[in-house]
Amino acid sequence: MQPNDYPQPSYSPPSSPVGDPYDFLNQTNQSPSPLNLIKGKSFKTKMLLIIFVFLVIVIILAIVKSILSSNNALNMTSMYAVLSSQQEINTLASTGAQSSTSQSYLNFSYTALATSATNETKLSSLLNANGYKLNPALIVTQPNLTNQLTQAQQNSTFDATYGPIISAQLQNYRTVLVNAYKLNKSPVIREYLNTDYQNAGLLIKMFNSSYG
């Protein structure tokens with residue numbers, strides 16, 4: 001047999017796939033579900049994965065709670081400033097109610113005393129109800145103002161001294177309230193401060209009427 005007589009191997013070109021050549025466009029990437037991730041794993045591995053996921057959830061919740069709490073956290077320095085100003089007005093008005101010789105000043109002093117005492121009690125109760133334990137040592141007043149009134153009483157110039165002092169403290173109180181409002185984001189505290197600011201404005205108006 002001649003070399004050319006050997007049977008030649010048959011060859012046929014690869015056939016093209018039958019079907020839509022663009023079928024790959026309709027295929028979607030399917031990511032494994034969380035259940036598939038632990039399927040087939042050992043019991044120990046499954047428990048470790050579950051504990052890990054649980055810890056991640058706890059950490060996320062703690063971060064969210066921390067963020068929300070920080071938005072409503074109180075600036076206690078400003079709260080003590082409000083309480084101190086209320087106590088100051090309370091002390092001065094009490095002295096005025098006892099020592100003033102003017103009926104207009106007497107009426108104003110009783111009103112200011114009742115208002116400041118009520119405001120102080122409400123704020124203290126509000127803070128205590130929200131877990132803020134107050135330190136009385138941080139509620140401070142100015143003893144020199146009381147001393148001035150005592151001296152004025154001895155010199156028979158009480159009303160002339162009392163008027164400017166109580167007026168200045170009312171103005172200062174409104175400034176303290178505005179500052180506290182800016183420093184605190186709690187809606188409840190802001191509502192309280194806004195009400196106090198309006199009440200302070202009414203006291204100032206009443207005092208101006210008495211002084212005139």
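In what follows, every heavy atom counts, from backbone to side chain, and hydrogens, waters and symmetry copies are set aside. Sequential numbering from 1 along the given sequence is applied to the chain's residues.
- When all heavy atoms are compared, the tightest approach of Leu123 to Tyr192 is CB-OH, 3.2 Å.
- With Asn194 contributing its side chain and Arg190 its backbone, the two residues share no donor-acceptor pair below 3.5 Å.
- To the nearest 0.5 Å, the span separating OG on Ser100 from CG on Asp159 amounts to 3.5 Å.
- Here the straight-line distance linking atom CG of Asn172 with atom CD1 of Ile89 works out to 8.0 Å at 0.5 Å rounding.
- Two different hydrophobic clusters hold Leu138 and Val140 under the rule that ILVMFWY side chains link at heavy-atom gaps under 4.5 Å.
- For the atom pair Ser78 OG and Asn184 CG, the distance stands at 4.0 Å (nearest 0.5 Å).
- A donor-acceptor distance shorter than 3.5 angstrom exists from the side chain of Asn147 to the backbone of Pro143, with no hydrogens or angles considered.
- Side-chain contact between Leu134 and Met76 is present, with at least one heavy-atom pair separated by less than 4.5 Å.
- Atoms OG1 and CG, on Thr161 and Leu145 in that order, are 11.5 Å from each other to the nearest 0.5 Å.
- When atom types are taken as modelled, the side chain of Ser84 and the backbone of Tyr80 share a donor-acceptor pair closer than 3.5 angstrom.
- Side chain of Thr118 to backbone of Ala114: a donor-acceptor contact under 3.5 angstrom is found.
- Taking hydrophobic clusters as Ile, Leu, Val, Met, Phe, Trp and Tyr residues chained together by side-chain heavy-atom distances below 4.5 Å, Tyr173 does not share a cluster with Leu202.
- Shown here for Gln86 and Glu120, the closest heavy-atom pair between the two residues is OE1-CA, 3.1 Å.
- Taken from NZ in Lys182 to CG in Leu193, the straight-line distance is 13.0 Å, to the nearest 0.5 Å.
- Under the 4.5 Å side-chain heavy-atom criterion for grouping Ile, Leu, Val, Met, Phe, Trp and Tyr, Val188 is connected to Val82 within one hydrophobic cluster.
- Contact of the Thr101 side chain with the Phe158 side chain is not registered, since no non-hydrogen atoms from C-beta on lie closer than 4.5 Å.
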- Would Thr141 and Glu88 count as a side-chain hydrogen bond (donor to acceptor under 3.5 Å, both in side chains) if you check the C-alpha gap in whole Å, the side-chain angles of each, and the deciding distance to 0.1 Å? CA-CA 5 Å; Thr141 59; Glu88 189 75 77; 4.7 Å; no

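- By the 4.5 Å heavy-atom criterion applied to side chains, Phe108 and Ile166 are counted as neighbours.
- The local environment of CD in Glu191 is sparse, with at most 12 non-hydrogen atoms from other residues, nucleotides or ligands closer than 6.0 Å.
- Minimum heavy-atom separation, Met79 to Ala180: CE-CB, 3.9 Å.
- Although no hydrogens or angles enter the test, the distance criterion places a donor-acceptor pair under 3.5 Å between the side chain of Asn208 and the main chain of Ile204.
- Leu92 and Met206 fall within a single hydrophobic cluster, where Ile, Leu, Val, Met, Phe, Trp and Tyr side chains are chained together by heavy-atom contacts under 4.5 Å.
- Side-chain contact between Lys122 and Asp196 is absent, with no heavy-atom pair separated by less than 4.5 Å.
- Checking side-chain atoms of Asn179 against main-chain N and O of Thr175 turns up no donor-acceptor pair under 3.5 Å.
- Between Arg174 and Val178, the closest side-chain pair of non-hydrogen atoms is not below 4.5 Å.
- The six-membered or imidazole ring of Tyr162 lies near that of Tyr105, with a centre-to-centre distance under 6.0 Å.
- Taking all atoms of both residues into account, the shortest heavy-atom contact from Ala97 to Ser109 is N-CB, 3.5 Å.
- In this structure, CG in Leu127 is found 14.0 Å from NZ in Lys133, a value given to the nearest 0.5 Å.
- Residue Val176 is grouped with residue Tyr181 when hydrophobic side chains (ILVMFWY) are merged at heavy-atom distances under 4.5 angstrom, including chains of intermediate members.
- Looking at Asn130, Leu183, Leu126 one by one, the single match for side chain to side chain contact (heavy atoms under 4.5 Å, CB included) with Ile189 turns out to be Leu126.
- Ser167 contributes no side-chain N or O that, together with a main-chain N or O of Gly163, makes up a donor-acceptor pair within less than 3.5 Å.
- Of the possible polar contacts, one joining the Thr111 side chain to the Asn107 backbone as a donor-acceptor pair under 3.5 Å is found.
- In this structure the side chain of Ser99 never reaches within 4.5 angstrom of the side chain of Leu149, judged on heavy atoms.
- Remark: the backbone N or O of Ala137 is paired with a side-chain donor or acceptor of Asn135 at under 3.5 angstrom.
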